[in-house]
Student: 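The structure under discussion is supplied below as structure tokens; questions concerning it will follow.
Given the structure is predicted, the values throughout are model-derived calculations rather than measurements.
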Amino acid sequence: MAVRRKSNWYIYIIAFGITLAMIVMVVIFLKDVIFPESKETGLNTNGTLSDDFVPDKSMGLSVMTMISDTDSEMPSLFIAAVYDAVENRLTYIPLNDSIALSSSGRTLPNIYAAQGGSGVAKAVSDVLEIGFDGYIRFTRDSFMELMSAFGNVEYEVAKTLLIDDGAEVRAINSGKQIFTAEMLYKYIMFADFDEGESYRFNMIGSILIELVNQNISYIDSSLLDVYAANILENSETDLTEDRYKHSKAAMLNTIRYGINPAEYYVPYGEYGDDGSFIISDNSLVTIRQKAGQTD
């Protein structure tokens with residue numbers, strides 16, 4: 001007579017539980033190898049922003065930007081872009097190319113001709129009393145390539161004006177307009193505002209902040225990398241990928257939590273007898289505050 005063997009099913013359950021526990025222990029022990037933390041401060045391994053990230057002042061980024069129509073021409077538009085990571089604020093500061101420099105008679109274009117973009121950044125740094133992390137010099141092509149990737153901007157033109165870029169003269173009517181990359185470039189570089197330099201700088205600043213504020217909510221980690229690569233590869237700059245990565249988490253934090261983070265500020269002051277523009281001391285204090293570089 002056959003004897004029916006008693007089932008030991010509970011032994012298999014116990015063995016499975018022990019094996020599972022061992023696997024969990026191994027994963028915990030080797031988690032730094034299996035799931036390495038991002039080497040970029042404040043970022044997860046997939047490049048997204050860590051939930052517990054808190055930006056600090058070192059993650060701010062100040063860049064002296066300049067634009068030339070062609071690669072062989074000197075820059076004709078100079079804008080300091082200062083990013084305060086703690087305050088989630090990006091400020092554009094259009095600059096007169098004859099701001100008072102340490103040597104009388106020097107202008108930003110002739111400093112660029114003699115010393116390049118780093119020389120311009122150093123000279124402007126001395127005047128504004130802020131430190132720059134580097135410079136970017138765009139040409140028409142590199143600027144339009146970046147702006148084409150970034151997006152169009154809806155902007156209300158204050159008054160009807162003419163744009164003459166040397167090849168054609170075009171009128172832009174007052175009222176709301178959709179600016180493509182090409183129209184944005186021509187507007188900030190060639191528009192005849194006919195009300196003095198301060199008014200021109202206000203118009204340039206106002207359209208640049210609309211460009212950022214209208215498009216920033218669409219930017220994620222991978223797209224931010226694309227824009228950074230575009231600048232590093234297609235423009236003249238001394239910024240590095242490592243410097244960008246140091247500020248990347250702060251930028252993503254601003255994209256997530258900042259409300260219309262871009263603004264502009266036009267320095268005020270007076271012209272000297274030699275034609276140089278001397279920025280007011282109070283205006284310099286404001287610039288340092290917006291750059292997050294006050295004590």
Side-chain angles (χ1 to χ4, degrees), residues 62-82 90-101 106-125 127-128 132 134-148 150 153 155 157-158 161-167 170 172 179-212 231 234-239 262-269 271 275-277 279 287:
S62 294
V63 181
M64 186 63 224
T65 61
M66 53 204 85
I67 306 177
S68 306
D69 192 41
T70 66
D71 191 56
S72 61
E73 295 183 39
M74 294 299 102
S76 56
L77 180 59
F78 298 85
I79 302 174
V82 294
L90 169 65
T91 307
Y92 291 108
I93 306 172
L95 296 171
N96 187 305
D97 63 15
S98 60
I99 59 175
L101 302 168
R106 294 197 304 167
T107 64
L108 296 182
N110 62 40
I111 288 177
Y112 181 88
Q115 303 175 24
S118 59
V120 172
K122 175 63 169 59
V124 175
S125 175
V127 173
L128 300 186
F132 284 104
Y135 77 92
I136 302 171
R137 179 219 180 193
F138 292 104
T139 62
R140 179 193 293 239
D141 291 341
S142 60
F143 181 85
M144 286 175 48
E145 183 173 347
L146 177 63
M147 292 301 103
S148 294
F150 194 74
V153 56
Y155 179 69
V157 180
L161 49 80
L162 296 177
I163 295 179
D164 183 359
D165 68 351
R170 176 175 178 175
I172 296 183
F179 278 71
T180 62
E182 181 179 10
M183 280 306 302
L184 173 63
Y185 177 83
K186 290 182 177 180
Y187 182 80
I188 66 175
M189 294 292 287
F190 303 117
D192 181 9
F193 295 104
D194 195 33
E195 292 190 36
E197 192 167 59
S198 179
Y199 181 83
R200 173 180 177 244
F201 283 165
N202 275 278
M203 295 302 99
I204 290 173
S206 65
I207 195 170
L208 289 179
I209 66 169
E210 288 299 326
L211 174 73
V212 173
I231 292 172
N234 298 323
S235 64
E236 176 192 320
T237 181
D238 59 353
L239 293 174
E263 59 181 41
Y264 75 94
Y265 176 77
V266 178
Y268 59 88
Y271 286 92
S276 63
F277 182 72
I279 301 176
I287 291 170

Student: State whether the side chain of Arg200 and the backbone N or O of Asp192 hold a donor-acceptor pair below 3.5 Å, judged by distance alone.
Tutor: no
Student: So, for Phe132 and Ala121, which heavy atoms are closest and what is the spacing to 0.1 Å?
Tutor: CD1-O, 3.5 Å
Student: I need the Asn234 CG to Ile136 CD1 distance, nearest 0.5 Å.
Tutor: 11.5 Å
Student: Show your reasoning for whether side chain to side chain contact (heavy atoms under 4.5 Å, CB included) applies to Thr70 and Thr139.
Tutor: CA-CA 5 Å; Thr70 66; Thr139 62; over 6 Å; no
Student: Could you tell me if the side chain of Asp97 sits less than 4.5 Å from the side chain of Ser76, heavy atoms only?
Tutor: no
Student: Keeping Thr65 on the side-chain end and Ile79 on the backbone end, is there a donor-acceptor pair under 3.5 Å?
Tutor: yes
Student: Can you see which heavy atom on Leu108 is nearest to which on Val120, and at what distance?
Tutor: O-CG2, 3.7 Å
Student: For a quick test of reading the model, state the closest non-hydrogen atom pair linking Ser98 to Tyr271 and the distance between them.
Tutor: OG-CE2, 4.4 Å
Student: To the nearest 0.5 Å, tell me how far Tyr268 OH sits from Ser198 OG.
Tutor: 12.0 Å
Student: Run the numbers on Ile172 and Met183 for side chain to side chain contact (heavy atoms under 4.5 Å, CB included), then give the verdict.
Tutor: CA-CA 10 Å; Ile172 296 183; Met183 280 306 302; 3.1 Å; yes
Student: Run Asp69 and Tyr185 through side chain to side chain donor-acceptor pair (under 3.5 Å) and show every step you take.
Tutor: CA-CA 9 Å; Asp69 192 41; Tyr185 177 83; 2.7 Å; yes
Student: Tyr135 versus Glu236: any side-chain heavy-atom pair under 4.5 Å?
Tutor: yes
Student: With distance as the sole test, does Thr237 use its side chain to make a donor-acceptor pair with the main-chain N or O of Leu239 at under 3.5 Å?
Tutor: yes
Student: Do the side chain of Ser142 and the main chain of Phe138 share a donor and acceptor less than 3.5 angstrom apart?
Tutor: no
Student: Short question: side chain of Ser68, backbone of Glu73 - any donor-acceptor pair under 3.5 Å?
Tutor: yes
Student: Which heavy atom of Met203 sits nearest to which heavy atom of Ala158, and what is that distance?
Tutor: SD-CB, 4.3 Å
Student: State, to 0.1 Å, how close Val82 and Ser62 come at their nearest heavy-atom pair, and which atoms those are.
Tutor: CG1-OG, 3.5 Å
Student: Checking Phe179 now: which residues fulfil ring pair (Phe, Tyr, Trp, His ring centres under 6.0 Å) with it, not counting sequence neighbours?
Tutor: Tyr155, Tyr187
Student: Is there a side-chain contact between Ser235 and Phe143, using heavy atoms and a 4.5 Å cut-off?
Tutor: no
Student: If you compare all heavy atoms of Pro75 against all heavy atoms of Tyr112, which two are closest, and at what distance to 0.1 Å?
Tutor: CD-CD2, 3.5 Å
Student: Measuring from Leu128:CG to Ile93:CD1, what's the distance to the nearest 0.5 Å?
Tutor: 6.5 Å
Student: Decide yes or no on side chain to side chain contact (heavy atoms under 4.5 Å, CB included) for Met64 and Leu95, but give the supporting numbers first.
Tutor: CA-CA 10 Å; Met64 186 63 224; Leu95 296 171; 3.9 Å; yes
Student: Any side-chain heavy atom of Arg140 sitting closer than 4.5 Å to one from Lys186?
Tutor: yes
Student: Just so I know, are the side chains of Met147 and Val153 near enough to count as touching, which here means a heavy-atom distance under 4.5 Å?
Tutor: no
Student: Between Phe150 and Leu184, is there a side-chain heavy-atom distance shorter than 4.5 Å?
Tutor: no
Student: Check the side chains of Asp194 and Tyr199 for a donor-acceptor pair under 3.5 angstrom, ignoring hydrogens and angles.
Tutor: no
Student: Check step by step if side chain to side chain contact (heavy atoms under 4.5 Å, CB included) holds for Asp165 and Met189.
Tutor: CA-CA 8 Å; Asp165 68 351; Met189 294 292 287; over 6 Å; no
Student: Can you list the residues that meet the salt bridge (charged side-chain N to carboxylate O under 4.0 Å, His left out) rule with Asp71, with sequence neighbours excluded?
Tutor: Arg137
Student: Are Val212 and Tyr92 side-chain neighbours, meaning at least one heavy-atom pair lies under 4.5 Å?
Tutor: yes
